[in-house]
**Q** 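Starting off with a structure, shown below.
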Amino acid sequence: MKKQVKIAIVAGASCGGCDVAIANLHERLLDVVARSDIVFWHTIADFKKEDLEKQRNIDFGIFIGSIRTEEHLELAKILRERCNFLIAFGTCACFGGMFGLGNVAERYELLKVGYITTPSTENPREVIPGNKFEVNGVDLTLPRLTEWCMPLNKVVNVDIFVQGCPPIEEAIDKFYETIIAYADNGVAPERGTVIAGGKTLCDICPREKPEKITIKRFRRVHEGPIDPNKCLLAQGIICLGPITIAACNAACIRANMPCRGCFGPPPDVLDRAAKFISTIASLVEIENEKLLSDEELIKIVEEIEDPLGTFHRFTFPSGLINKKQEDAEE
Amino acid sequence: MKVIKIDPITRLEGEARISILLDDNGKVKDAFFQVMEFRGFERFCRGRPVEEMPRIVTRICGVCPWAHHMASGKTVDAVFGREPTETAKKIREIGYCAHMLDSHTVHFYFLAVPDLLVSPDAERGQRNVAYLGKIAPEVVKEILRQRRNITKIETIIGGKSIHPVCNVPGGVSKGLSEEEAKEIEEYAKDTLKFLDIWLEKWEKEILTKYEDLIYSDVYHQETYYMGIVGDGNTLNFYDGDIRVVDQRGKEVFRFKPEDYLNYISERVEEWSYTKFPYLKPIGWKGLVDGPDSGIYRVGPLGRLNVIDKISTEKAQEAYKRYIEAGGKPTHFSMFYHWARIIEMIYSCERILELITDEDITSKDTVNYDGDFVGEGVGVVEAPRGILYHHYKTDEKGLVEMANLIIPTTQNNPSISLEIKKAAQKLISNGEISEGILNRIEMAFRAYDPCLACSTHSLPGGLPLIVTVYDSNGALIKEIRRGGK
């Protein structure tokens with residue numbers, strides 16, 4: 001039996017790109033809107049937390065963004081309790097996203113740099129926003145930052161993951177089909193579904209790949225011309241293709257830039273950085289491996305600047321090591 | 001004392017809420033415009049290879065990723081001491097003009113047009129593009145078609161329309177083919193025709209219909225203005241000197257991007273995650289306008305107030321009529337909308353100039369020569385106003401310091417002031433009505449505070465909740481509009 005699907009959309013810390021991606025599907029979005037009852041939309045409307053709390057039996061709860069303030073955390077929990085299927089929409093919700101790199105520092109340090117040490121800031125009293133602030137008994141205190149930035153599944157169970165930064169039209173379409181199938185025929189999506197396909201970017205890469213990739217030295221994108229037709233790793237340029245899901249049509253690679261992994265890893269990857277390190281390790285001087293000493297091999301690998309911000313640029317909070325460790329260097 | 005809380009949690013480079021304080025006589029005493037989110041970019045950009053920055057900072061804002069990508073691209077050019085090739089500069093500027101069209105069309109057609117074509121006093125559910133789609137489906141269809149073409153230009157140049165990747169130190173990662181150049185030219189020509197119709201509509205219909213509203217002193221602030229000017233003080237989004245004019249339109253400061261710290265300071269308040277920038281030589285005097293207050297405005301209104309002319313024909317004609325109607329500088333906030341149409345026309349004309357340039361399809365897109373400097377400032381005009389990026393690196397080119405001054409932040413003092421003034425004029429004896437709420441909201445929406453625009457297009461509207469508290473903080477009244 002056909003029914004109106006109840007949808008709630010809630011946002012955590014996000015750049016708004018996911019919302020724009022949804023808005024860019026305008027005509028089709030209107031179709032879905034016609035079939036659904038949107039009971040909460042954090043981004044476009046002034047729904048308060050209490051409005052979400054009042055809801056029961058939401059069919060699909062869509063969460064955009066990562067968890068960065070206590071308000072986000074609370075909203076995620078309320079949404080989970082009140083919806084049947086919870087969707088992590090976009091890379092931030094799925095893996096923590098770019099803001100997850102904030103986990104290189106404790107929250108006070110993030111605030112201190114933003115509000116005290118940046119060179120244009122004039123803040124002699126060293127005021128930091130977020131402390132208790134009341135006007136005539138009315139609480140105007142800002143939501144506090146959570147201790148660390150987190151993906152949605154660190155705080156609640158997630159049923160469906162829609163990967164992408166932002167997800168591409170085809171992925172959003174597929175997700176809509178899921179909603180419509182549920183509305184028309186009552187077909188429930190399988191829990192744990194990842195809407196993005198199972199291949200890696202290398203599987204769909206348009207570039208020529210040598211039989212065997214051997215990296216003699218690593219180089220950065222500014223160091224010299226990049227061959228637009230040849231595998232980037234084979235040119236010694238770090239490219240996250242081997243550990244990135246093929247859900248972006250290889251847009252950056254086609255624009256002659258290496259992949260930075262913004263669509264996230266395939267579903268079976270436990271720790272993306274660890275996986276990439278093992279991939280890279282197997283490519284370094286593979287032909288001469290036996291002729292070189294360990295020191296010589298290590299020296300080549302050490303040429304990679306900023307492994308954390310490169311391998312885990314969008315996924316740090318979902319890694320096995322996911323925040324600043326005591327006494328650790330970045 | 002009463003506190004009125006307007007809680008629109010709309011996207012504004014994060015979430016925001018407005019609280020208005022009344023005194024015992026029901027008059028507006030103070031207003032708080034609070035931005036509720038902080039993510040920590042200045043800290044976590046440290047340690048990153050600086051050439052990667054253009055691809056990191058795009059995530060500051062998914063609505064204007066191109067602005068951050070360009071400011072960052074120019075900053076890393078400076079860090080590496082590289083001058084981009086002529087072809088690269090032109091390709092960047094084409095992509096950037098397309099982005100100006102992308103951002104301005106979202107704002108103008110999904111936000112301003114429904115407000116002005118329907119009626120500011122109409123029911124909320126009727127003031128969105130979906131309702132417009134019902135009463136004028138062909139118009140909406142055409143708007144969407146134009147937007148699709150504009151994002152295609154962005155994709156050709158940037159790889160992706162949201163979070164582009166093309167900027168590398170000294171140029172762009174890929175050149176344009178003859179076919180791509182032809183495609184871009186066709187789109188720009190088509191969009192220019194479409195804009196002609198809307199300019200006429202604005203000048204002949206909307207302006208006359210809403211004269212009272214547009215020229216109302218509710219939406220009038222006398223502030224300083226800041227923006228980039230090209231050669232001969234022309235409009236330029238990509239490069240030039242920074243010019244500041246006063247309340248009378250007289251140039252008071254003119255400086256190079258790298259000297260920005262002598263002219264801008266940012267104040268911090270504990271009740272907002274957004275800072276309060278002001279002109280350093282003038283100083284901070286609180287939320288007031290006038291010559292003694294360092295508050296300045298940026299964005300389309302600011303840009304058209306700091307320039308003397310526009311280098312392209314149609315836009316310049318339109319600009320002349322704009323000045324005749326509003327004066328120079330014009331202080332009417334509703335002129336932000338008119339300014340956006342003129343800037344869209346300029347963007348199309350500028351794309352057409354650049355795309356027909358003979359070396360636009362040259363393969364010489366990156367200059368790899370230059371002496372590493374280790375520090376740079378990059379400035380562009382973002383759709384919402386001037387944007388500053390400033391990085392310092394170590395000898396390996398890893399970022400040690402990143403400072404970012406964002407347009408909506410620079411307009412933050414003005415938005416706060418604007419809301420306060422609108423509330424003072426429109427609320428008396430604690431009485432508030434729906435029409436009044438709409439108009440307070442319009443006051444800050446003129447600035448196009450980020451996602452408020454694109455999201456506004458969707459059915460359901462943007463309800464407001466106003467909560468009135470007595471002097472003990474107890475809730476005495478709650479007024480809701482729209483939504484569920």
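Each chain gets a letter, A, B and so on, in the order its sequence line appears, and its residues count up from 1. The basis for the numbers below is simple: all heavy atoms, side chains too, and nothing from hydrogens, waters or symmetry mates.
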**Q** Counting heavy-atom pairs under 4.5 Å to chain A, which of B:Lys275, B:His390, B:Glu42 comes out on top?
**A**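 If we count pairs closer than 4.5 Å to chain A, B:Lys275 comes out on top.
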**Q** Run the ring pair (Phe, Tyr, Trp, His ring centres under 6.0 Å) test against A:Trp148 and tell me which residues pass, sequence neighbours left out.
**A** none
**Q** What part of A:Arg68 gets closer than 4.5 Å to chain B, counting heavy atoms only: side chain, backbone, both or neither?
**A** side chain
**Q** Atom CD of B:Glu52 and atom CD of A:Glu305: how far apart are they, to the nearest 0.5 Å?
**A** 11.0 Å
**Q** Heavy-atom cut-off 4.5 Å, strictly under: side chain, backbone, both or neither for A:Ile226 against chain B?
**A**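 Answer is backbone: N, CA, C or O of A:Ile226 sit under 4.5 Å from chain B.
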**Q** Pick whichever of B:Lys396, B:Met401, B:Arg55 has the most heavy-atom pairs under 4.5 Å with chain A.
**A**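 Most heavy-atom pairs under 4.5 Å with chain A: B:Arg55.
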**Q** So for A:Pro124, is it side chain, backbone, both, or neither that comes closer than 4.5 Å to the heavy atoms of chain B?
**A**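 Contact with chain B: none, neither part.
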**Q** Report the option among B:Thr151, B:Ile157, B:Val268, B:Ile264 that has the most heavy-atom pairs separated by less than 4.5 Å from atoms of chain A.
**A** B:Val268
**Q** Please flag which part of A:Glu223 lies under 4.5 Å from any non-hydrogen atom of chain B: side chain, backbone, both or neither.
**A** backbone
**Q** Measuring heavy-atom distances to chain B, does A:Ser66 have an atom under 4.5 Å in its side chain, in its backbone, in both, or in neither?
**A**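 For A:Ser66, there is no contact with chain B at all, as no heavy atom is under 4.5 Å.
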**Q** Where do A:Arg220 and B:Gly397 come nearest, in terms of heavy atoms and distance?
**A** NH2-O, 3.6 Å
**Q** What part of A:Cys165 is in contact with chain B, defined as an atom under 4.5 angstrom from a non-hydrogen atom: side chain, backbone, both or neither?
**A** both
**Q** Check the orientation of A:Tyr115 and B:Phe38. Use parallel for under 30°, tilted for 30 to 60°, and perpendicular for over 60°.
**A**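 Geometry flag for B:Phe38 against A:Tyr115: tilted rings.
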